[in-house]
Participant: 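One structure coming up, written as structure tokens, with questions to follow.
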Amino acid sequence: MRSDRIKKGFERAPHRSLLRATGLNDGDFEKPFIGIANSHIDIIPGHYYLQEYGRIAKDEIRKAGGVPFEFNTIGVDDGIAMGHEGMKYSLPSRELIADSIETVMNAHQLDALVCIPNCDKIVPGMLMGALRVNVPTVFVSGGPMKAGHLHDGTPIDLNTAFEAVGKRAQGQLTDAELYEIECQACPSGGSCSGMFTANSMNVLCEAMGVALPGNGTVLALTPEREALVRRAARRAVEIAADERFKLRNIANRDAIHNAMVVDMAMGGSSNTVLHMLAISREAGAPLSLRDIEEIAGKVSHIAKIAPSLATVHMEDIHRAGGVPAVLREAARRGGIVREGALTVTGETVGERIRDARTADPELIRPLENAYSPVGGLAVLFGNLAIEGAVVKTAGIQPSMRRFTGAAICFDSQDEAIAGIMGGKVKPGHFVVIRYEGPKGGPGMQEMLSPTSLIMGMGLGESVALVTDGRFSGATRGACVGHVSPEAAEGGVIGLVQDGDRITIDVEARALTVDVSDAELARRRAGFRPKRRDPGSSWLRRYAHLVTNAANGAVLRSTDL
């Protein structure tokens with residue numbers, strides 16, 4: 001076993017002495033050492049209860065004949081960090097999480113790993129770190145939150161609360177109505193109830209086979225979720241000494257392909273593109289934006305979940321058959337699902353989905369009644385996004401799939417929020433928010449506040465938005481993010497001026513600004529990208545090392 005390096009031989013007597021101080025005895029040195037990476041943190045609704053799941057996992061590992069060692073990673077709640085400088089730390093936290101997993105696992109030479117994430121950057125950060133370590137690994141998330149409900153039974157969620165702010169600003173909601181939404185939108189622990197970033201990534205873990213069936217859809221704080229934690233912990237012990245289940249053998253090129261198939265079929269968060277680019281690089285099977293767009297063109301969009309369809313949440317998808325049913329239906333198109341891919345349970349994807357059934361064809365539609373013959377995410381190219389940009393097509397109204405508007409430019413999210421709230425944004429505008437990319441922000445803030453204001457103020461079918469930043473999974477509307485190159489590295493988005501005509505054409509996969517090459521060259525001659533000092537040594541280092549969104553916003557290492 002890998003852990004023999006810290007526990008076998010006379011020269012390891014000091015090591016064993018330290019391990020005995022933690023409660024180990026002679027018999028434990030013959031057992032596999034299992035790491036439990038827990039992301040328990042009190043301030044995140046999807047994580048405050050994970051300490052108990054860690055206890056459950058440790059108990060099951062001991063029963064199964066292993067020795068558990070639990071450690072923690074940090075976490076950022078994007079919803080709480082949203083709309084102020086705290087959001088600059090969200091995407092960078094992914095790198096800290098990955099580094100912490102690698103550090104603990106390799107410093108102590110543990111044999112296998114159970115990862116207990118749930119929200120936002122924590123899932124991809126754990127995946128990235130675990131792929132570097134490459135030991136048998138099982139993921140089990142904390143599970144999705146229940147949907148909230150108003151007094152009349154209307155289902156609501158966190159996105160409802162964000163959009164309600166815009167409605168309140170317009171006088172369309174009373175303080176009492178806003179307060180009810182505030183109190184009911186997030187009724188319990190769990191990752192926010194729609195197909196936002198957290199649930200998208202937990203669904204993708206299941207599709208990749210690194211998690212057990214149900215990982216993406218079984219509700220948090222239920223007996224079913226607790227049973228899933230127990231099974232995941234036992235499985236980690238079972239595979240600890242089996243090299244077939246090293247993580248890179250599971251999360252390989254086929255698994256990453258299957259993850260993107262499910263992402264397109266369910267219209268996941270646009271953040272998944274950013275994270276899967278980074279994860280694929282750690283897996284040694286790098287994706288490009290053009291690879292993702294090729295997959296999107298072959299996958300039908302068959303399930304809509306909030307925010308794309310406000311009445312449907314993760315609990316509904318679970319009742320309808322969950323991820324296995326989505327994969328099975330997507331596979332009917334032929335040749336699109338890599339059914340021979342191995343999963344952490346030992347079965348192939350084909351075997352896992354063989355008996356899956358769709359219980360509600362309105363929630364998981366048959367291919368013949370798909371929302372679209374192509375995926376719910378799209379990659380756009382054009383002179384405004386030479387290296388690419390990403391849009392969640394699942395959340396765009398039909399009338400906005402092709403839209404031309406006059407640019408109104410803001411050089412930060414704060415400026416944009418003030419401009420929208422102040423009435424500067426009018427029907428027919430194409431809002432440009434720049435210097436919010438990985439380098440320019442720094443940290444690539446999510447733009448849920450401005451996009452929710454646009455929707456809440458009734459501008460969703462007359463205003464589009466483009467940014468080199470990114471969006472929350474809760475964002476809907478004609479909102480294009482991840483524009484690369486970003487403004488801070490000299491991208492064309494930094495050259496756009498108020499009044500320029502910008503066009504998004506979803507069917508043509510195009511994002512263009514109606515300015516000639518000669519005029520762009522003239523503007524570039526006098527252009528110097530803005531630089532802002534984040535006032536943080538960590539964020540300065542991040543800005544110095546980070547790549548743009550088209551490359552996954554990963555940190556460059558010294559050998560690159």
Side-chain angles (χ1 to χ4, degrees), residues 43-46 77-87 144-196 198-199 304-316 392 395-397 399-400 408 410 413-429 431 433 445-465 471-479:
I43 201 168
I44 304 179
D77 186 302
D78 283 15
I80 298 172
M82 195 83 65
H84 57 88
E85 66 180 13
M87 181 49 83
M145 181 186 292
K146 296 177 182 177
H149 291 85
L150 296 177
H151 67 276
D152 63 0
T154 301
I156 62 172
D157 50 52
L158 179 64
N159 192 49
T160 313
F162 270 97
E163 292 188 3
V165 173
K167 292 179 179 178
R168 173 63 185 83
Q170 290 290 92
Q172 298 174 19
L173 281 179
T174 66
D175 285 340
E177 289 170 327
L178 180 60
Y179 182 69
E180 183 187 9
I181 291 171
E182 173 189 332
C183 293
Q184 301 301 325
C186 300
S188 66
S191 47
C192 297
S193 55
M195 192 69 173
F196 311 143
N199 287 328
K304 274 195 178 185
I305 306 104
S308 300
L309 190 58
T311 56
V312 179
H313 295 86
M314 298 310 295
E315 60 201 90
D316 303 309
K392 185 171 181 173
I396 300 179
Q397 304 89 334
S399 63
M400 296 293 289
I408 179 168
F410 301 99
Q413 177 177 210
D414 290 344
E415 285 184 20
I417 291 171
I420 297 167
M421 292 282 283
K424 289 184 178 179
V425 175
K426 308 290 186 184
H429 270 147
V431 176
I433 307 178
Q445 297 190 77
E446 290 186 347
M447 302 289 158
L448 183 56
S449 291
T451 59
S452 295
L453 285 171
I454 286 171
M455 297 302 293
M457 295 170 74
L459 297 171
E461 294 195 35
S462 59
V463 168
L465 185 150
F471 299 117
S472 163
T475 293
R476 62 191 179 102
C479 301

Participant: Within a radius of less than 6.0 Å around CD1 of I43, do more than 12 heavy atoms belonging to other residues, nucleotides or ligands occur?
Facilitator: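 No, CD1 of I43 has 12 or fewer neighbouring heavy atoms, counting only those of other groups under 6.0 Å.
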
Participant: Taking Q413 for the side chain and P450 for the main chain, is one N or O donor matched with an acceptor at less than 3.5 Å?
Facilitator: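 Checking the backbone N and O of P450 against the side chain of Q413, no donor-acceptor pair under 3.5 Å is found.
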
Participant: How far apart are the closest heavy atoms of S191 and A198, and which atoms are they?
Facilitator: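 Smallest heavy-atom distance, with atoms named: CB-CB, 3.7 Å.
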
Participant: Taking C-beta and beyond as the side chain, do K392 and R476 meet within less than 4.5 Å on heavy atoms?
Facilitator: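 Contact flag for K392/R476 side chains = no.
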
Participant: Tell me whether the count of non-hydrogen atoms from other residues, nucleotides or ligands lying under 6.0 Å of CD in E85 goes above 12.
Facilitator: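 Counting neighbours around CD of E85, 12 or fewer heavy atoms of other residues, nucleotides or ligands fall under 6.0 Å, so no.
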
Participant: Is any side-chain heavy atom of P144 closer than 4.5 Å to one of E315?
Facilitator: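 No, every pair of side-chain atoms sits at 4.5 Å or beyond.
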
Participant: Which value, rounded to the nearest 0.5 Å, describes the distance between I156 atom CD1 and C186 atom SG?
Facilitator: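 The SG atom of C186 is 8.5 Å from CD1 of I156, to the nearest 0.5 Å.
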
Participant: In Å and rounded to the nearest 0.5 Å, what is the CZ to CG distance from F196 to D78?
Facilitator: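 If we round to the nearest 0.5 Å, F196:CZ and D78:CG are 12.5 Å apart.
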
Participant: I need the minimum non-hydrogen distance between A161 and A185, along with the two atoms involved.
Facilitator: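 Scanning both residues, the minimum pair turns out to be CB-CB, 4.3 Å.
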
Participant: For G166 and L453, which heavy atoms make the closest approach, and how far apart are they?
Facilitator: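 Taking every non-hydrogen atom into account, CA-CD2, 3.7 Å.
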
Participant: Search all heavy atoms of T154 against all heavy atoms of D152 and return the closest pair with its distance.
Facilitator: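 That would be OG1-OD1, 2.9 Å.
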
Participant: Whether E177 and K167 form a salt bridge (side-chain N of Lys/Arg under 4.0 Å from carboxylate O of Asp/Glu) is what I want to check.
Facilitator: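 Salt bridge absent between K167 and E177.
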
Participant: Quick one: pull up CG in N159 and CE in M195 and give me the separation to the nearest 0.5 Å.
Facilitator: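 Here the rounded value is 14.5 Å.
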
Participant: Starting at CG of N199, measure out to OG of S193 and round the result to the nearest 0.5 Å.
Facilitator: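 Taking CG in N199 and OG in S193, the distance rounds to 7.5 Å.
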
Participant: Quick one: pull up OG in S452 and CE in M457 and give me the separation to the nearest 0.5 Å.
Facilitator: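 One gets 12.0 Å once the value is rounded to the nearest 0.5 Å.
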
Participant: Show your working on side-chain contact (heavy atoms from CB on, under 4.5 Å) between V312 and K304 and close with a plain yes or no.
Facilitator: CA-CA 7 Å; V312 179; K304 274 195 178 185; over 6 Å; no

Participant: Could you give the distance from CD1 (I181) to CZ (F162), rounded to the nearest 0.5 Å?
Facilitator: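 Reported value, rounded in 0.5 Å steps: 13.0 Å.
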
Participant: Are side-chain heavy atoms of D77 and P45 found at a separation under 4.5 Å?
Facilitator: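 Yes; the side chains approach each other to less than 4.5 Å.
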
Participant: Check for a donor-acceptor pair, side chain of H84 on one end and backbone N or O of G86 on the other, with a separation under 3.5 Å.
Facilitator: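 A pair under 3.5 Å: yes.
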
Participant: Minimum heavy-atom separation for G460 to M455, with atom names?
Facilitator: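 So the two residues come closest at CA-SD, 3.5 Å.
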
Participant: I would like to know whether S472 and M82 meet side-chain contact (heavy atoms from CB on, under 4.5 Å); could you show each step before the answer?
Facilitator: CA-CA 9 Å; S472 163; M82 195 83 65; 4.1 Å; yes

Participant: What closest approach, in Å, do V165 and L178 show between heavy atoms, and which atom pair accounts for it?
Facilitator: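 Shortest heavy-atom separation between V165 and L178 comes out as N-CD1, 4.5 Å.
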
Participant: Would you say the side-chain atoms of D316 pair up with the backbone N or O of H313, donor to acceptor, closer than 3.5 Å?
Facilitator: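 Checking the backbone N and O of H313 against the side chain of D316, a donor-acceptor pair under 3.5 Å is found.
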
